[in-house]
Each structure stands twice: as structure tokens, then as C-alpha cells.
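Structure first, then comments.
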Amino acid sequence: MERNSKFQEYLHHKIMEYNEDFSLHHSLTRRRSSAQPINMIVTNIDNRWVGGMSAELYSSWLEIIDLWFSRTFRGIGIGTELLHKAESMARKRGAEYSMLTTFDFQAKSFYEAKGYKVVGELKDHPPGSSFYTLTKSL
């Protein structure tokens, strides 16, 4: 099967409509505003992308979707700086919480060191690993 972006968008839209019909919170949030994207791009001296962050702000939540850097730029504090900037932006826009998902072989310990707490674990996904949901009060 091939990816069908139009169909995925259709399904997402229908689920959002359902949520609005049965959840007062979703209904009010949807009317006020939709998700606000937060994208931060980091480039090297040659203006090539070397990492960055993609996140969304909705309701009272910041959701970190992706945070990644090439090996050369890891461990020097840029990820921490971007995470703090996103959290600060979200707080100024009314967010009270942050959430993200990660695998144990990715950045779980990085996020825990920044105050995130595991609230869910899917064991053996993929086999031999775990998939985590983490949250933090802002």
C-alpha cells in the first residue's frame, strides 16, 4: 500500500469533527484557534541544516514532535537551548504542560534530565525496546 496524504488528512479531519461533537474542550479549543506550529532550524556555517525542532502548541499543551541534531552538533547544549526556548514560548502563549514521545534508544534520558517524567510505556515496541510518553509541567 502507498501513503495517501489526502486520505490521511480526511481521516484526521473526521476524527477532529467527532472530538468536537463529544468533547466540550475540543469544541471550544477548535473555535478559538488551531494548533500553532513552532519550528526552529539550526544551520552550520555553510547554511546547511544540521538539526532543529518541530513542535505544536494547542490548548494548554506544547507537544514536541521532533528534536534532532547531526552527531557533530550533539552534546554541546543546542538541543537544551531549543527545548528551553520552545517551553518559554509556549508558557508565554498560555501553555501549562509539555509532552513528547521517544524510544529508549533515542533521547529518553535527555528529556528526563530536563524535568520530563514518563507517564506511559509501550514495552517491546519495537522488539527489544520501549516507546515512552513523557510530560512536564511548564
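FYI, the numbering just counts along the sequence from 1. Because only heavy atoms are used, hydrogens play no part in the values below, and waters and symmetry mates are left out as well, while side chains stay in.
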Exercise. Among side-chain atoms of Y111 and T102, is any donor-acceptor pair under 3.5 angstrom?
Worked result: no
For this session: Please name all residues satisfying side chain to side chain donor-acceptor pair (under 3.5 Å) with K14, sequence neighbours left out, ordered by chain then number.
Result: E17
Exercise. With distance as the sole test, does K108 use its side chain to make a donor-acceptor pair with the main-chain N or O of F103 at under 3.5 Å?
Worked result: no
Exercise. Between the side chains of E63 and Y58, does any donor sit under 3.5 Å from an acceptor?
Worked result: yes
Problem set entry | Minimum heavy-atom distance S98-Y116, with the two atoms named | OG-OH, 2.7 Å
For this session: Taking all non-hydrogen atoms of both residues into account, name the closest pair between L67 and G79 and its distance.
Result: CD2-O, 4.2 Å
Exercise. Between D124 and S130, which heavy-atom pair has the shortest distance, and what is it?
Worked result: N-OG, 4.1 Å
For this session: Please indicate whether F105 has more than 12 foreign heavy atoms, meaning atoms of other residues, nucleotides or ligands, lying under 6.0 Å from its CZ.
Result: yes
Exercise. If every non-hydrogen atom of A86 is compared with every non-hydrogen atom of M53, which pair is closest and at what distance?
Worked result: CB-SD, 3.5 Å
Exercise. Do side-chain atoms of D46 reach the backbone of R48 as a donor and acceptor pair under 3.5 angstrom?
Worked result: no
For this session: Report the distance from atom CD1 of I38 to atom CG of L62, rounding to the nearest 0.5 Å.
Result: 5.5 Å
Problem set entry | Validation row: E56, Q36 side chains within 4.5 angstrom (heavy atoms) | no
Exercise. Which atoms form the tightest heavy-atom contact between A90 and L57, and what is the distance?
Worked result: CB-CD1, 4.0 Å
For this session: Output the distance between atom OG (S129) and atom NZ (K123), rounded to the nearest 0.5 Å.
Result: 13.0 Å
Problem set entry | Separation of L138 CG from K92 NZ (nearest 0.5 Å) | 13.0 Å
Exercise. Going by distance alone, is a donor N or O of one side chain under 3.5 Å from an acceptor N or O of the other, for T135 and K117?
Worked result: no
Problem set entry | Spacing of CD belonging to E121 relative to CG belonging to L134, to within rounding of 0.5 Å | 10.0 Å
Exercise. Are side-chain heavy atoms of T43 and I41 found at a separation under 4.5 Å?
Worked result: yes
For this session: Taking the side chain as every heavy atom from C-beta outward, state whether T133 and V118 have any atom pair closer than 4.5 Å.
Result: no
For this session: Supply the atom-to-atom distance F69 CZ to W49 CH2, rounded to the nearest 0.5 angstrom.
Result: 13.5 Å
Exercise. Is it true that E87 and K136 have a side-chain N and a carboxylate O under 4.0 angstrom from each other?
Worked result: yes
For this session: Measure the CD-CG distance between E9 and N4 for me, rounded to the nearest 0.5 Å.
Result: 10.5 Å
For this session: Evaluate the side-chain proximity of Y132 to D104: yes if any heavy-atom separation is below 4.5 Å, no if none is.
Result: yes
